[in-house]
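We count ligands from 1, going down the list as the structure has it; atoms in each ligand are counted the same way.
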Amino acid sequence: MFVSIVIPLYNEEENIEPLYKSLKSVMDAEGKDYELLFIDDGSIDRTSELLEEIRQKDNNVRALSFRRNFGQTAAFAAGFDHAKGDVIVTIDGDLQNDPKDIPKLLSLMGEYDIVSGWRRNRKDPFLSRRFPSMVANYLISMVTGVKLHDYGCSLKAYKADVVKNISLYGEMHRFIPAVASWYGVKIAEVETTHHTRLRGKSKYGITRTIRVFLDLITVKFFQSFSTKPLQAFGPIGLVSELIGFVICLYLAIIKLSGQSIGGRPLLLFGVLLIIVGIQLIGMGLIGEMLVRVYHESQRKPIYVLKDSEDEKNT
Ligand code: UDP
Ligand code: MG
């Protein structure tokens, strides 16, 4: 097993040295081949200099540098793209997650495809961080149907082929287990230690909650409807169509019996329902076209094989 540890860093000059030492001692003791893949997310302090010093001393260390700050999710995505390991571990670069927990995660990787950390005893302020997280965790587990206690924990281990298949953007990294569940992966959760941030500053505030919430809508939408848009829009469209039709039929009968219907609000409503219905069905059909174009151009299958028998035989 070759293990890639992916670490995002944004202005962590004070943490990088102790972090590196801790990771190195844990991974050397573990006895597996490994690389420490640091991603400098456009830091404007001495992070990249210090990183370069470490990289030159240690062959197990690789470093990527972003031109500007692209965010933690982008840093993880770059890590997944460049990691060479067949197992990828992600961990925060501020020593809030403890590298000593990595062996615990790795020991479960034979059996599971994703092992996720659970900061049961989380050391962050209640009002600005833990409370929004409680709400987010509840919503995410309800909406995605993947039951974890702590989606936001960065300390996670993945089989490489699982994450290399997922495209990440926004605040999406916390949804990897939910997105990956579509691939039929086995997910475990283990309790991990969490420390107060001793050095440097947290990069986030309450506004992240809003971004997480919006990303949740996207994830849910894609999870349910991305392969069948007409099923998503069609039923509402048909119902709207049907009610509109009944209303207009009723008005037509009244009109034929000699009464005037020109001033009736119901007429507007009926016509509105018919138009909205047609639009929704049209949207569904356009969606179907997009899905087809996507699958044909990417040659992306609509299924996922476990361990490709084909590859084994060749
Ligand atoms: N981080 C990053 N890019 C950013 C913000 C944060 O790479 O734009 C890194 C940061 O250096 C740290 C990790 O992501 O290693 C978690 O960030 P932080 O500790 O600020 O988040 P918190 O623990 O407060 O949720
Ligand atoms: Mg932190």
Practice prompt. Give the name of the N/O/S atom in D94 that lies closest to the Mg ion (ligand 2).
Written response: OD2
Practice prompt. Please report which non-hydrogen protein atom sits nearest to atom 9 (C) of ligand 1, along with the residue it belongs to and the distance in Å to one decimal place.
Written response: P8 O, 3.8 Å
Practice prompt. Using distance alone, with no hydrogens and no angle criterion, decide if D101 and T193 have a side-chain donor and acceptor under 3.5 Å apart.
Written response: yes
Worksheet item: Between the Mg ion (ligand 2) and Q96, is there an N, O or S atom separated by less than 2.8 Å?
Response: yes
Practice prompt. May I ask you to identify the nearest protein heavy atom to atom 4 (C) of ligand 1, giving residue, atom name and distance to one decimal place in Å?
Written response: D41 OD2, 3.3 Å
Worksheet item: How close does the nearest protein non-hydrogen atom get to atom 11 (O) of ligand 1, and which residue and atom is it?
Response: E12 OE2, 2.6 Å
Worksheet item: Just wondering, do D92 and L155 contact through their side chains at under 4.5 Å, heavy atoms?
Response: no
Worksheet item: If you measure from the Lys or Arg side-chain nitrogens to the Asp or Glu carboxylate oxygens, is any gap between K203 and E12 under 4.0 Å?
Response: yes
Worksheet entry | Under-4.0 Å salt bridge between K186 and D113 | no
Fill in: Lys/Arg cation over aromatic Y204: R208, 6.0 Å, 45° cone
yes
Worksheet item: Does the side chain of S4 pick up a donor-acceptor pair with the side chain of E35 at under 3.5 Å?
Response: yes
Discussion item. Which of the numbered atoms in ligand 1 are under 4.0 angstrom from any heavy atom belonging to N69?
Written reply: 3 (N), 4 (C), 8 (O)
Worksheet item: What do we get for I39 next to ligand 1 when only non-hydrogen atoms under 4.0 Å count, side chain, backbone, both or neither?
Response: neither
Discussion item. Regarding R199 and E17, does a basic nitrogen lie under 4.0 Å from an acidic carboxylate oxygen?
Written reply: no
Worksheet item: Less than 3.5 Å between some nitrogen or oxygen of D124 and one of ligand 1, yes or no?
Response: no
Item to complete: Would you check if there is a donor-acceptor pair between the side chains of D28 and S25 at a distance under 3.5 Å?
Response: no
Worksheet item: So which of H173, R122, K203, R208 gets nearest to atom 20 (O) of ligand 1, if we judge by its closest heavy atom?
Response: K203
Discussion item. Can you tell me which portion of R119 lies within the under-4.0 Å heavy-atom range of ligand 1? Options are side chain, backbone, both, or neither.
Written reply: neither
Fill in: Protein residue, atom and distance nearest to atom 1 (N) of ligand 1, heavy-atom basis
Y10 CB, 3.8 Å
Discussion item. Under a 4.0 angstrom heavy-atom cut-off, which atoms of ligand 1 come close to R197?
Written reply: 18 (P), 19 (O), 20 (O)
Response to the item:
Near Y204 (heavy-atom distance under 4.0 Å), the atoms of ligand 1 are 5 (C), 6 (C), 17 (O), 20 (O), 21 (O), 25 (O)
Worksheet item: atom 19 (O) of ligand 1: which protein heavy atom is closest, and how many Å away?
Response: D94 OD2, 2.5 Å
Worksheet item: Counting only heavy atoms not in K100, do more than 12 fall under 6.0 Å of its NZ?
Response: no
Worksheet item: For ligand 1, which atoms, with element, lie under 4.0 Å from some heavy atom of L9?
Response: 7 (O), 11 (O)
Worksheet item: Does the side chain of H194 come under 3.5 Å of the side chain of N121 through a donor N or O and an acceptor N or O?
Response: no
Practice prompt. Output the list of atoms in ligand 1 that are nearer than 4.0 Å to some heavy atom of R129, sorted by atom number.
Written response: 22 (P), 24 (O), 25 (O)
Worksheet entry | atom 13 (C) of ligand 1 [closest protein heavy-atom partner, distance rounded to 0.1 Å] | D92 OD1, 3.3 Å
Response to the item:
for atom 24 (O) of ligand 1, nearest protein heavy atom and its distance come out as S202 OG, 2.6 Å
Response to the item:
For G93, the atoms of ligand 1 under 4.0 Å from one of its heavy atoms are 12 (C), 15 (O)
Item to complete: Starting from atom 23 (O) of ligand 1, find the nearest protein heavy-atom neighbour and note its residue, name and distance.
Response: Q96 OE1, 2.9 Å
Practice prompt. State whether a side-chain donor-acceptor pair under 3.5 Å links N15 with D94.
Written response: no
Discussion item. Any carboxylate oxygen within less than 4.0 angstrom of a Lys/Arg side-chain nitrogen, looking at K159 and D161?
Written reply: no
